Every structure is written in structure tokens, then in C-alpha cells.
Number of protein chains: 2
Amino acid sequence: MPEILLIEDDKTLAKNLVRYLQTEGYTVHTADGQKKGLQLFGTYHPDCVLLDVSLSDGNGFSVCSAIRQSSDVPVIFLTASADENCTVAGFEMGADDYISKPFRPRELIARIQNVLRRHTSATKLLRCQNVIIDPSRGVVLKNENEIFLSALEYRLLLIFFTNVGKLLTREQLADELWTFSGEFVGDNTLNVYMKRLRDKIEDDPQNPSILKTVRGMGYKAVQS
Amino acid sequence: MPEILLIEDDKTLAKNLVRYLQTEGYTVHTADGQKKGLQLFGTYHPDCVLLDVSLSDGNGFSVCSAIRQSSDVPVIFLTASADENCTVAGFEMGADDYISKPFRPRELIARIQNVLRRHTSATKLLRCQNVIIDPSRGVVLKNENEIFLSALEYRLLLIFFTNVGKLLTREQLADELWTFSGEFVGDNTLNVYMKRLRDKIEDDPQNPSILKTVRGMGYKAVQS
DNA sequence: TCAGAATCTTACAAAATTGTAAGACAAAAG
DNA sequence: CTTTTGTCTTACAATTTTGTAAGATTCTGA
């Protein structure tokens, strides 16, 4: 299912790679140079780019940085040798991985799967006990069912779930919620929001198992 | 500033690595075995783990999968040789990268920086023209200033910003916003939300430059 | 046990959100 | 040009969110 763009001017290698990648189920587009590569990139928006560093019409670094202008698609460099400078320069250009020729097909597949896994899991879920935030949809689930939070409740829960296990003081929480607008909210307001949030996400709001009070300090979300 | 946990039972190598990493500004904790490694992991919550695959008291894979139970911290395997099976198995265990001994210190640093960059940029911003969503805070900025969106407006904008350039049909949008609750909303409701959203994020809502109408089809967010 | 402090709970108005309806407007087709 | 279709705009009530106040409850230390 994933689409791969291969930018490689060694025609024999390219042909072999295409065939191998296709047998693994990938759709492959091939370009034999920089210009064609960027053009195809614009056309197909591939899920992963395999990029030869030593193209005849310019080096791969410039292609990579051009791609990075508009996209954070995973890029894997194909290097002629395990040249350290190459590696370092490639990473600095925003490459996600590199592999030195000659390489074993199996290893290339492993690296492709690896960067794809990492990239797609960018839509990471935040989880604490039976409650899940899906930040990429702005949605909260409790036991698989969606629950409604208001904008402020959502942001408050987000703070806790990105800091599970950490103590958050009242001041930190209030700052994060209200500082932006320079608003002054009363001292008790946070208490009220904590209660509202607990009422919505806790199984037993009177005995919270997720959002714990740390008396005199603040609150923290606990994993179990 | 970042903390690194090194799990390595070759004392000489460990000592050299620690010294080198420290000169590069990292704080390093060292463990000479599986048990100690997991213990230190729990204590320090490092930003990155360097893990020897061949520990005397058990292989590194089990350590990696133990770590993955509770954390998605980046793990880099140190392998005795460029053994393909090792590589593949490591990635399947959730490793983020691997490096074969002997390796050049500069390359290790490059790989560490690479995984750290990737990992911290998990708090990725979604950007389209002069409007930015910070999903990790649930906040929307226009020209550096925070603007308020209601819960539904936020989710609607999130759909557009995770699909910049793509046409989204009315049906797709309505499904994504209202299907969960099985609600039936009127045919015109989405129009009204589009207007409200444009009024808040567009410089000239009558001539939207971000959220474009595609007559007969739906809408799309455009990069420029 | 008691007093003081911290947190929780309830109740309340002001403000904002939500969904609908009715008409205005704009683009495409006849 | 006129009609039709699709989208935009405005206005409106029901509901929800938001912040505050006042009192209840719980915890801690003397």
C-alpha cells in the first residue's frame, strides 16, 4: 500500500530495487535525476523517499532539503560508501535514515518499515488508564467511547496526559490555561475545573484514580 | 542537556563512551547488565537509551521490549556486527536505530541527535499560511497570537490542517465531526461552521485564502 | 480534639456555543 | 437573460461553557 519514490541514476540498481520493492507490496515511482525526482515527488506525494546521494545532475542533499521545504516525508539516503561525513551531513539535511551500498534487500525493507512506522505513529495517542486522547482528532475516549470535553477541559486534560506521573502545581496549570489571554481568574476556578474534569473522566469522581490531588502542591495524573 | 542511559557490559568501551558523550554535553548513566539497566531506566527516565544487544545476563532485545512497555523513549542498539538478523529483530522490537561496532564516535553522536530530534519533534506543529495549530497544547495561533476556537471549530480546523492540499467533501467533514454521536445535523450546518471558522482565521473572510471552496465538491485548505 | 488551611462541592448568572431556518448571493446551465 | 443549484450570510432560541461565590468537607498540626 505505501508509495515509494526512488531517486537513483544507476539504472541497473534501480531496476532491481523496483522489482524487489514491488514484490514486497510497495508501489514504486522511479526518477533518474534531481529534476525528475522533485517533479515526481510533487505529483505522487509518496510515503517514503529513497535518495541516492550521488546523482549525476547534482547531489542528493539539495533534493532532500528541497523536499523538506514542503514536507516531512521520511527520506532514506543511499550512500556509495559508509562515509561518515556523508552520514552526518545527511542527517543534518533532515534525512531519517541512511543505508550504505552494497546493502541487503532485507535490510532496506526493515529500514523502510521502520521509518514508516515512526512516521505514521506521529498521530500518537495519549493514554492514561482507561482514558485516551487522540490529539490528531481532538477527541477523548473513555473505555472506547467518545466523551465530550469543553475546550478548556480538553486543554487541561492534555496538560496532564503529556505529563503523566509529574506533579503539576496549581500555578503551572493556571498559567498554562489562562496566561495567554492575560486573564485573571479567581483562586478557586481551577478547583472547579478539576471537579468537572473528574466528573467526566473518572469512574468514581469522589475517589479519583487518574487525577490525584497532592495536597499543598497541586495535582498529578498517575498511570495506575 | 539530554540524559542518556548506556547499557553495556564491556567496561572499557563503556568507559570510553561515557567520556566521549560527556564531552559532547550529555549526562550519561551506565549499567553493566539487564537488571541494573531497567532499574536505572526507572530511576532516571533518560531521553535516549544506548543498548548493547549482547549482554552477559540476557540479550538486549528483552530489555528493549521491557522498556517499550512503559515508554517510547528512543532506543539505539549497539550490535557486535552488521548482522542482518539482528537489525531486523531489533527494529521489530521497537528500536529506533542501530549501529554496528566498531563505530566512529561522530557517527554515534549523529545518530543520537537524529533520534532525539525526531522524538522531541513529536510535538509537531500544524501550519498553513499564517495559522498554526499546536496539537500538544490544543491551541491555535494566528500571526503569533492565540485565537479562540470552540471544540467543534477546533476539530474542523484540525481536519483541514492534517489534510492540507487535499479536497475534503462535505460528507467526509460531516462524518468526521458528527458521526461519532450518531447525530443527524442539517444540511446547512457545515456551511455555518465554515463561515464561523473563516471569520476567525482568515484575514479577509469574504475572500478566504486558506479554506477554499471547491464548488460542487467540498473544501480544501491550501498552502499558499 | 480543635483550629486553620486546603480542597471540594453546589449553585448561579453572564457569555459563548450549537444547530436551524430563511433569505441573499453567486456560479453554471439552459 | 432566466433558472437552477450550490454556497454564504444573518438571525434566532436552546443548550453548554465559563467564572464566581458561598458553604461543606477533608486534612494537618498543635
Side-chain angles (χ1 to χ4, degrees), chain A residues 138-140 146-158 160 167-202 204-220, chain B residues 138-140 146-158 160 167-202 204-220:
Chain A
V139 155
V140 179
E146 174 158 6
I147 57 180
F148 277 117
L149 300 189
S150 75
L152 268 183
E153 288 163 355
Y154 178 79
R155 291 184 21 184
L156 180 55
L157 191 62
L158 210 43
F160 280 110
L167 171 69
L168 298 165
T169 68
R170 287 159 178 287
E171 201 188 3
Q172 285 175 314
L173 293 166
D175 276 3
E176 185 73 20
L177 288 179
W178 290 289
T179 292
F180 58 84
S181 58
E183 287 184 84
F184 298 107
V185 298
D187 197 28
N188 184 44
T189 306
L190 185 60
N191 290 324
V192 177
Y193 273 94
M194 287 303 301
K195 170 162 174 52
R196 288 172 181 160
L197 196 47
R198 281 170 169 162
D199 283 347
K200 290 193 182 177
I201 73 163
E202 295 277 0
D204 177 2
Q206 258 72 24
N207 279 54
S209 75
I210 302 175
L211 300 176
K212 299 281 194 182
T213 301
V214 183
R215 196 186 166 84
M217 307 297 266
Y219 301 89
K220 74 167 147 180
Chain B
V139 155
V140 179
E146 174 158 6
I147 56 181
F148 277 117
L149 299 188
S150 75
L152 268 184
E153 288 163 354
Y154 178 80
R155 290 184 21 185
L156 181 54
L157 191 61
L158 211 44
F160 280 110
L167 170 69
L168 298 165
T169 67
R170 286 158 182 288
E171 200 188 6
Q172 283 176 314
L173 293 166
D175 276 2
E176 184 73 23
L177 288 179
W178 290 290
T179 291
F180 57 83
S181 56
E183 287 186 84
F184 298 108
V185 298
D187 195 29
N188 184 44
T189 306
L190 185 60
N191 290 325
V192 177
Y193 273 94
M194 286 304 299
K195 169 163 174 52
R196 287 171 180 158
L197 196 47
R198 282 169 168 164
D199 283 347
K200 290 192 183 178
I201 73 162
E202 295 277 359
D204 177 3
Q206 258 72 21
N207 278 55
S209 74
I210 302 175
L211 300 177
K212 299 282 194 184
T213 301
V214 182
R215 194 183 166 87
M217 306 297 267
Y219 301 90
K220 73 168 147 180

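By convention in this document, chain letters (A, B, ...) are assigned in the order of the sequence lines, proteins followed by strands, and residues within each chain are numbered from 1. Given the structure is predicted, the values throughout are model-derived calculations rather than measurements.
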task: Quickly work out the A:N188 CG to D:dG23 P distance and round it to whole Å.
output: 13 Å
query: Has A:W178 got a side-chain N or O lying under 4.0 Å from the OP1 or OP2 atom of D:dG19?
result: yes
task: Mind calculating the distance between CG (B:L173) and P (D:dT7) to the nearest angstrom?
output: 12 Å
field: Crowding at CG, A:D204 (>12 non-hydrogen neighbours, <6.0 Å)
entry: yes
message: Using whole Å, what does the distance between atom P of nucleotide D:dG19 and atom CG of A:L177 come to?
response: 9 Å
query: Given C:dT18, is OP1 or OP2 found less than 4.0 Å from the side-chain N or O atoms of B:S150?
result: yes
- prompt: Is the base of D:dT5 touched by the side chain of B:R215 through a donor-acceptor pair closer than 3.5 angstrom?
  reply: yes
- prompt: Please give, in whole Å, the distance from C:dA6 C1' to A:K212 NZ?
  reply: 18 Å
query: Measuring from A:T189:OG1 to A:L173:CG, what's the distance to the nearest 0.5 Å?
result: 13.0 Å
Short side-chain N/O contact from B:T213 to OP1 or OP2 of D:dC8, under 4.0 Å: yes
query: What is the distance, rounded to the nearest whole Å, between atom CZ of A:F148 and atom P of D:dT16?
result: 10 Å
task: Using only heavy-atom distances, decide whether a donor-acceptor pair under 3.5 angstrom links the side-chain of B:R196 to the base of C:dG19.
output: yes
statement: Result for 5'-nearest mapping on DNA chain C, choosing between A:M217 and A:V192, is A:M217
message: Can you tell me how the ring of A:Y219 sits relative to the ring of A:F160, calling it parallel under 30°, perpendicular over 60° and tilted otherwise?
response: perpendicular
- prompt: Roughly how many Å is it from CG in A:D199 to C1' in C:dC8, rounded to a whole number?
  reply: 11 Å
OP1 or OP2 of C:dC25 under 4.0 Å from side-chain N/O of B:Q206: no
- request: Figure out the CG/C1' separation between B:L152 and C:dG19, and round it to whole Å.
  value: 10 Å
query: What about A:D187: does its side chain form a donor-acceptor pair under 3.5 Å with the base of C:dT7?
result: no
field: Phosphate-side-chain proximity, A:Y219 and C:dC8, N/O vs OP1/OP2 below 4.0 Å
entry: yes
- request: Provide, to the nearest angstrom, the distance between the OH atom belonging to B:Y193 and the C1' atom belonging to C:dT20.
  value: 11 Å
message: Looking at B:K195, I'd like to know whether one of its side-chain N or O atoms comes within less than 4.0 Å of OP1 or OP2 on D:dT10.
response: yes
query: For B:R198 and D:dC8, is the shortest distance between a side-chain N/O and OP1 or OP2 below 4.0 Å?
result: yes
query: Are the side chain of B:R155 and the backbone N or O of B:E176 linked by a donor-acceptor pair below 3.5 Å?
result: yes
Passing candidate, side-chain contact (heavy atoms from CB on, under 4.5 Å) with A:P205, options A:L211, A:L197, A:D199: A:D199
